[in-house]
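Report on the structure given below.
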Amino acid sequence: MRYVSLTALVACFSLLSTFYLYRAAVDSATSISPQGCALPRMYESYIAQPAFDQSWTSLAKRYSLWLYRELDHRGRQWDTGHVGGLPVLFIPGSAGSWRQVRSIASSAATQFYAAPGLVAHGMERLKPLDFYAVEFNEDLSAFHGPTLEAQTTYAARAIDYILSLYPPHTRIILMGHSMGGIVATALLASHSANISAIFTMSTPHTLPPARFDARVDKIYDLTRELLAQHTETDTPIVSLCGGATDMMIPSESCVLPPGKLRRTVFSCALEGAWTGVGHQEMVWCHQVRWRVARAALELGDVAVTTPEARQVVLDRWLRDGHALPPIEDVPVPEFTNVEVLPTEMSLVLRNPQGERTYFLPVSASRKFVLLVSQGAIPPVAPQQPLPLVASVFACAKDRSNCMQQHPTTLKLLPNPVAGRPFPVPGSGADESEGVVLFEGDVDEDAEWVGVRVERSTGNGWVVGGFVSAEPVVNRIGTLQLLLGKVSLAMPSTETFKTRWTFPNLISNALVVYRITPHRVDYDRPCDALFAPLLQHTSQPSETHYYPLLVPPNRRILLHTHASAPHVVSADAAPFGVEFSVYSSGASGCLAGFDMSIDWSATVGRWATRYFTVIPVWATGILAFILFRAWGVAEGGAAVPALEESISSFLGSPLRWLLVLSVAISIAPLPESYYLGNRGEPYFALIAPLLLLLSTGFVCATQYLLRALMWPLSKLSRAGRRRREDVSVHRSTVISMAFILLIIFLFVPWQVAFLGCWAIHLHNCASAQAHIKHFASIPDTVAIPLLRQDGEPTHQRQSSRAPAPLPAYIVNNHNHSMHILLLMTWLLPLAAPVLVVWVRTLAGAGLTTPFDGNHSVFSVAPFLVLVTYSSWMRAPLSQMQRFERTVFIRWSLVAVSAAALLLGSRKPYLVLDTATVALGLFVLVRVWGGIGAGRRFRQFRVDFLYSANPIVFVYPRSG
Ligand SMILES: *[C@@H]1O[C@H](CO)[C@@H](O)[C@H](O)[C@H]1NC(C)=O
């Protein structure tokens, strides 16, 4: 009883924790990096491409190709009907619709045309875009390598077909959403000369999101090699990532491997967007889609011929501010309207008018910062700026001999409204919004900085001055933060920029820090021109902005995607958190802030990164439980019941495993092993937590199986009837050969596996009913029978007292139950391909070959085991003589080890090793056991020949 309650306790712990983790994960999606996107509108129409038929590709019946045309509100096409622009091919992702092309395509049409057929102003040098999209029937390419390959083959032929409609040497632009981006990059192998640029959106480039098919991993390996070969030249690639808002893929896998013409742009850093973007939203989020469309349009400029020139265009329209824009040299003008500021004074211009130059004496730090709201510091400006233009010059002693001051940073910052949510939910940033940030290190020989403000109309503002060059360094460690928060005061409220560095804090996707700002005076509103804004940069491509004056219920959560499980960033260190606070320097706004670890968001991040570990580790745990149960049996004792096995595992074996899991956590393994944290001690407690959760799930499924078997055993009891024994040899062998042939020819083996599981469940249920029934029969049963007239005629003895139940029946049943639970946990590992098969069958029917895995060896062990365990009339598992030196059951330890060490990165290996282990078992034990069983010469086959297979037939005496 004590054991049962412990099992239940662990199961409850798991279920409750999972519920909490799920809540935390859902909450982290919306609170870490909120989304603010405007919803686009369009009038869509699609033109089929029937000419792209069987003569082009054998996949023409399975997939199709469409051309998008935007209509105006009266239903007229903006484009002139026939294709004559620049071709673009949109490739949807796993389960994605080809109609997702519409948002970007519609934006390209409405930007290029002012009216149907009329080219908009400024677009004369460009060509319109012809958007094609491939329809993949929403196939689940993420789960299935052959599907991904079929899509790549089809897309490659589609490129050939599309280019055949255009003049020679036309290049195509590829856009891929999610797994479509993998297809697009894979096309570089065959078509790199024909592709002008690739845009991928929310694409998991470095890590497959679903890792249940080894063939997907292979495709990733090939793509990785391909990208490594093409680092220097060839095709520009832009990867747009949604950040923490994207719950379908971890955004760390969206970062492209380094290369000259490659850029990773996080939407929260994307100038003018500054928002987290969800996985599906990436294709339609207005702030993103118009920039993507514009960048693609500008690639059509006749002057843009080289790959480098194309990269410059992409950088101009998809800026994240981490690189300087190309800056033109401007001649130094005559400064006429001059104002000289005294030392230590900053420049603060509210609503400037006309033209004026302000001179500031250079301070010791030599670090100059200038912020211009809504205007321009050429070439950076908001999309729709005011006429206001500012430029910076460095001048010698008597303000003569001026030179253009070059920036170290020149980019656009968001300008959130103080006290309001940012980004604005449902609409996001406006085109005219933004503050241009200029930072520069003034030369040694310059003594003045001149800021020239031109064309100001009384709107906007300009602030600038010298800031400290050194950051505020805080050496607090992660361990101290684990124990509590740290309070930090702003060193000076009058400065435009304060940099903070925390060199000892860990920077990893699995940790989220929380900033709680403190106002100087909560009663007074902050009247700063530019309210304090925190900028957190964790790797060059990843910058997040957080306004510090937020509604009190809004959490400020610092997070990163630089280092993460199974992912190592090329340009970010695992330690060191750095951020800057910008403000226009009004006193009274921000006094300081607290920094702490946000546990809810942190745990939510663990959940999103590790939920697939649970079924894998549960399988490993079960293999270990099976290993111990067989050990008991080999010692000569009876095979323990499943409950006993599990509860004995919950004792010292689990404790040792927990200790071992911590020990492995701190071993410096490469990132593809274990949980992918390379021995980082701070994450050592994640492994035992996952182990405990997996164990709890094993306990819970034991109850689940009981619940499933209960109605089945009732049924089998009711339907039990005597059946004649049939000779096994021919029929079983024939039926099995038949099933294996079907697998070989038609269904993927996962289907047969599911069938095996169902039959085994049924068998176990019947066996249990049978054993229970047997146990309930008293030695002699006398049933008085009454005739209709009520007079007792005679007493009939129950036919005979049954023979005692042979021990091997209970043993075999216990064996079968262990194997049933193991198979139950292998189901989620085999299920994804099964789902893909069913969907493909439903979508494309039998018109196309489904390249499943028809390996009969993958399912044969289960098939044999399930079949034989149902009629074996001898101990199911008998030790062979040679096992004195090599125990077959040790193969199960290999399964556990594979699950623990490799299961997180390569779950499919666990299914493979489990198949091999059971295959060995079948070969050695069951086949050997058949030899022993022959002595009984009484077999019975219920498999496939009856609707109600009865598992065990015990010998009837007499
Ligand atoms: C692809 O580019 C190569 C090299 O420029 C060219 O020979 C070939 O015709 C192009 N393919 C298509 C389909 O245009």
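Order of appearance sets the numbers: ligands from 1, and atoms from 1 within every ligand.
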Atom 2 (O) of ligand 1 protein-contacted (non-hydrogen atom, under 4.0 angstrom):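 Yes.
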I'd like to check atom 14 (O) of ligand 1 in this structure: does the protein have a heavy atom lying under 4.0 Å from it?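 Protein heavy atoms within 4.0 Å of atom 14 (O) of ligand 1 - there is at least one.
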Could you tell me which atoms of ligand 1, counted from 1 in the order shown, lie closer than 4.0 angstrom to a heavy atom of [X]?
{"X": "Asp160", "answer": "13 (C)"}
{"X": "Leu163", "answer": "12 (C), 13 (C), 14 (O)"}
{"X": "Asn194", "answer": "1 (C), 2 (O), 3 (C), 8 (C), 10 (C), 11 (N), 12 (C), 14 (O)"}

Set of residues satisfying salt bridge (charged side-chain N to carboxylate O under 4.0 Å, His left out) with respect to Asp213, sequence neighbours excluded: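 Expected list: Arg215.
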Salt bridge or not for [X] and [Y], using N-O below 4.0 Å?
{"X": "Lys260", "Y": "Glu308", "value": "yes"}
{"X": "Lys218", "Y": "Asp221", "value": "no"}
{"X": "Lys411", "Y": "Asp320", "value": "no"}

When you measure from atom 5 (O) of ligand 1 to every protein heavy atom, which one gives the shortest distance, and what is it?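 Checked against all protein heavy atoms, atom 5 (O) of ligand 1 sits closest to Ala193 CB, 4.3 Å.
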Once salt bridge (charged side-chain N to carboxylate O under 4.0 Å, His left out) is applied, what residue pairs with a partner in residues 167-193 remain, sequence neighbours excluded?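 Sorted result for residues 167-193: empty, none.
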